[in-house]
Amino acid sequence: MPPILQSLQQATKMMSRRKVLLLVLACSTLSLLIHQGAQLSWYPKLFPLSCPPLRESPPRPKHTAVAFLKTHKTAGTTVQNILFRFAERHNLTVALPHPSCEHQFCYPRNFSANFVHPATRPPHVLASHLRFDRAELARLMPPGTVYVTILREPAAMFESLFSYYNQYCPAFRRVPNASLEAFLRAPEAYYRAGEHFAMFAHNTLAYDLGGDNERSPRDDAAYLAGLIRQVEEVFSLVMIAEYFDESLVLLRRLLAWDLDDVLYAKLNARAASSRLAAIPAALARAARTWNALDAGLYDHFNATFWRRVARAGRACVEREARELREARERLLRRCFGAEPVLRPAAQIRTKQLQPWQPSRKVDIMGYDLPSGGAGPASEACLKLAMPEVQYSNYLLRKQKRRGGARARPEPALDNPPPRPIRALPRVPQG
Ligand SMILES: Nc1ncnc2c1ncn2[C@@H]1O[C@H](COP(=O)(O)OS(=O)(=O)O)[C@@H](OP(=O)(O)O)[C@H]1O
């Protein structure tokens, strides 16, 4: 036996059984603390990898001035729904588009504060689609507004855009058999910069962020770097759709909200039959090459996201994300029955919960309330699963009533935009 083991054996013999037991107990407690991140006040100082306690003392007040840039096909509707419900619970004003902008702030035009319905000004919260314009948002939002947004892996996002906007975007309509592969094999054959809704077919993230979606980082690396810098200057948090729960943990910490404030139901998801089960690697590469600006933005902010998670303490963020998932599952069961399922619009009886369907070829799923649902709990459940169009209309009506704007006719916009995509749910069959 090596000498070191011999001396260890001797030392052990010298200790009483009780001391050994105490040592084992102390080691296990220490290991448990490291893995579970127990919320003891001395814990963060002792283990710098952990995160600050859940309950801050003295508690920071919840931050209520929030502008969420709702980028396209990035889980933005789910985030918007969280913000709408938070605003309602805390009696906050939500900026909503003028009716001639439909439920978007006249996208794809650059945002203007004039697109905001007067009955929804001055707002605390803004969360509807728009093309980012820093100065115009600063004109509208109160000082101290926290700006947040969300990005999604560009190949997955492009597959979603291609399917969702297939009937609206001319670049996609030209492609034979609505084949994503055919488009990505020769995008230039179908794409015309500057035509209607072209931004849904090329670097949509960059466009939504107010950038020039026709720039190529291959020819102009400085442009991407500049766009990243501008985003970093304004946005306090860039969430990542693939890590949605972790993103919400960072969001609720940034805003000093409770975990309950960020519970959600997944909204605007396509049915499995309307999506590619997996994007082949070659197709994903082609999607990233075509959307190189978006790929550069995503790669950068995905990296900064994980640096942020590390700063908050990865174990802590994961633990909170787990708590969030558990609380969310309990809430979904309470609202939508023992086995809550996403259903196609045709199977949703509650009209307010039928999601808008972009075409006959794409099914967007939603939840339904169990029959006979009534009372205040079901009101909260209704809002939890309410699609964007219905929730925006509901909030506008409510805020107009609150502002006493009922009797007045809608003010006209000076320069009304072309009508955006029709925002009506497809009539359910049967
Ligand atoms: N929580 C959560 N986590 C991950 N992904 C989610 C989540 N909620 C929604 N989604 C997916 O986001 C897609 C819809 O995005 P948006 O709501 O931003 O679309 S829209 O631009 O408002 O039409 C849509 O993607 P596809 O199904 O691939 O189309 C949703 O499935």
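As the structure lists them, so they are numbered: ligands from 1, and atoms in each ligand from 1.
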Give a yes/no on ligand 1: does Arg152 have at least one heavy atom closer than 4.0 angstrom to it?
yes
With a 4.0 Å cut-off on heavy atoms, does Thr71 reach ligand 1?
yes
Looking only at non-hydrogen atoms, the one of Glu242, Arg328, Arg270, Gln80 nearest atom 26 (P) of ligand 1 is Arg270
Correct closest heavy-atom pair for Glu153 and Tyr298 would be N-CE1, 3.2 Å
Atom indices of ligand 1, in the order listed, that fall short of 4.0 Å to a heavy atom of His129:
20 (S), 21 (O), 22 (O)
For Phe183 and Phe158, what are the C-alpha separation, side-chain angles and deciding distance, and is it a ring pair (Phe, Tyr, Trp, His ring centres under 6.0 Å)?
CA-CA 11 Å; Phe183 180 86; Phe158 194 73; 5.7 Å; yes
Indicate, with yes or no, if the rings of Tyr168 and Phe197 have centres closer together than 6.0 Å.
no
Closest to atom 20 (S) of ligand 1 among protein heavy atoms sits Asn268 ND2, 3.4 Å
Just one of Tyr207, Phe162, Tyr107 clears the ring-ring contact (aromatic ring centres under 6.0 Å, His included) bar with Phe200, so which one?
Tyr107
State the atoms of ligand 1, each with its element, that fall below the 4.0 Å cut-off from a heavy-atom position in Gly76.
16 (P), 17 (O), 18 (O)
Closest candidate by heavy atom, reference atom 3 (N) of ligand 1, pool Trp356, Phe162, Phe244:
Phe244
Tell me which protein heavy atom sits closest to atom 15 (O) of ligand 1, plus the residue, atom name and distance to 0.1 Å.
Ala75 N, 3.0 Å
Do you know which two heavy atoms are closest between Ala182 and Val175, and how far apart they sit?
CB-CG1, 3.8 Å
Side-chain donor/acceptor of Gln390 to backbone N/O of Gln354, under 3.5 Å
yes
May I ask you to decide if Tyr243's main-chain N or O and Ser247's side chain share a donor-acceptor pair within less than 3.5 Å?
yes
One finds that the ligand 1 atoms under 4.0 Å from a non-hydrogen atom of Thr78 are 8 (N), 9 (C)
Between the side chain of Arg134 and the main-chain N/O of Gln230, is any donor-acceptor distance below 3.5 Å?
no
N/O separation below 3.5 Å, Tyr165 to ligand 1:
no
With heavy atoms only and a cut-off of under 4.0 Å, state how Lys70 meets ligand 1: side chain, backbone, both or neither.
side chain
The residue among Arg253, Arg89, Arg252 that forms salt bridge (charged side-chain N to carboxylate O under 4.0 Å, His left out) with Asp261 is Arg89
Look at atom 17 (O) of ligand 1 and say which protein heavy atom is nearest, naming residue and atom and giving the distance to 0.1 Å.
Thr77 OG1, 2.5 Å
Quick one: look at Glu159 and ligand 1, take heavy-atom pairs under 4.0 Å, and tell me if it's side chain, backbone, both or neither.
neither
Quick one: does NZ or CZ of Arg328 land under 6.0 Å from the six-membered ring centre of Tyr264, within 45 degrees of the ring axis?
yes
Any idea which atoms of ligand 1 are less than 4.0 Å away from a heavy-atom of Leu267?
8 (N), 9 (C)
Got the closest protein heavy atom to atom 21 (O) of ligand 1, with its distance?
Lys73 N, 2.8 Å
Where ligand 1 meets Ala241 - atom numbers and elements under 4.0 angstrom, heavy-atom basis:
4 (C)
